[in-house]
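Notes for the one structure printed next.
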Amino acid sequence: MSAADHCLFCRIVSGAIPAKKLFEDDIAVAFADINPQAPTHVLVVPRKHIATLDDLTEDDSLLIGQTLVRASQIARSLELSSEGYRTVINNGEAAGQTVFHIHIHLLGGRNFSWPPG
Ligand code: 5GP
Ligand code: ZN
């Protein structure tokens with residue numbers, strides 16, 4: 001079985017599992033987090049399956065840069081930029097990573113504060 005078959009975010013990227021998608025192109029997909037920790041909580045993922053930040057190689061430089069640029073464009077389109085917003089990438093279980101397909105959390109919106117709760 002390939003990552004595309006068993007990885008939750010690969011399955012969201014392919015459309016096999018539904019999600020509230022806010023953006024997609026040939027590089028990245030953004031969708032609403034199912035368990036939001038802020039008024040706006042969006043996940044931005046590269047289409048390519050890469051499990052963690054630790055798995056990045058030099059060859060991924062362009063892809064990960066483009067994904068980050070998309071994250072900033074999506075934040076602007078959701079009007080998060082004027083109030084400020086937080087980006088989080090959890091790397092590894094001890095850091096709270098639960099889905100092993102790199103994703104950038106965008107957290108922001110009205111009355112957003114950190115830490116959540
Ligand atoms: P991590 O803990 O790996 O940094 O973040 C994984 C995120 O994925 C969590 O914030 C969690 O709420 C979100 N998540 C888990 N399963 C699903 C799902 O099926 N759909 C969506 N949209 N988000 C999910
Ligand atoms: Zn994946």
Side-chain angles (χ1 to χ4, degrees):
M1 271 213 324
S2 71
D5 296 317
H6 64 71
C7 168
L8 175 62
F9 286 175
C10 282
R11 288 170 62 77
I12 287 177
V13 165
S14 74
I17 291 179
K20 188 179 169 201
K21 286 186 183 164
L22 305 168
F23 171 88
E24 61 183 313
D25 68 3
D26 55 332
I27 301 293
V29 178
F31 49 92
D33 195 293
I34 205 167
N35 182 24
Q37 302 299 310
T40 301
H41 186 172
V42 172
L43 302 173
V44 185
V45 309
R47 277 188 184 276
K48 179 183 175 187
H49 179 84
I50 304 170
T52 77
L53 269 191
D54 276 347
D55 295 298
L56 286 177
T57 69
E58 203 62 35
D59 288 345
D60 297 314
S61 301
L62 180 61
L63 173 72
I64 211 69
Q66 289 172 322
T67 303
L68 195 54
V69 171
R70 292 244 183 332
S72 102
Q73 290 167 340
I74 291 159
R76 209 172 308 129
S77 76
L78 294 172
E79 296 180 356
L80 300 180
S81 300
S82 57
E83 297 286 327
Y85 61 94
R86 182 170 291 258
T87 54
V88 173
I89 304 175
N90 294 320
N91 182 70
E93 262 172 55
Q97 186 174 4
T98 58
V99 179
F100 285 79
H101 178 132
I102 287 183
H103 49 283
I104 302 165
H105 295 257
L106 292 182
L107 298 142
R110 185 177 287 271
N111 298 326
F112 170 65
S113 62
W114 189 269

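Worth knowing before you read on, the calculation uses all heavy atoms, side chains too, and leaves out hydrogens, waters and symmetry mates. In each ligand, atom 1 is the first atom listed, and ligand 1 is the first ligand listed.
Counting heavy-atom neighbours within 6.0 Å of D25 CG, excluding the residue itself, gives a total above 12.
Around the Zn ion (ligand 2), protein N, O or S atoms at a distance under 2.8 Å total 4; waters are neither shown nor counted.
A tilted orientation is assigned to the rings of H105 and H41, their planes being inclined by 30° to 60°.
Distance NE2/H101 to CG/D55: 11.5 Å, rounded to 0.5 Å. Here CG of L80 is found 10.5 Å from CD1 of I74. Values are rounded to the nearest 0.5 Å. A distance of 8.5 Å separates CZ in F100 from CG in N91, rounded to the nearest 0.5 Å. Note that CG of D33 and NE2 of H103 are 8.0 Å apart. Values are rounded to the nearest 0.5 Å.
Under a 3.5 Å cut-off, the side chain of Q97 and the backbone N or O of A51 do form a donor-acceptor pair.
Under the side chain to side chain contact (heavy atoms under 4.5 Å, CB included) rule, V44 has a single partner from T67, I89, I102, L22, which is T67.
A salt bridge between R47 and E24 is present, with a side-chain N of the basic residue lying under 4.0 Å from a carboxylate O of the acidic one.
Within 4.0 Å of ligand 1, counting heavy atoms only, the contacting residues are L8, F9, I12, F31, A32, D33, I34, N35, L43, N90, G96, Q97, T98, V99, H103, H105.
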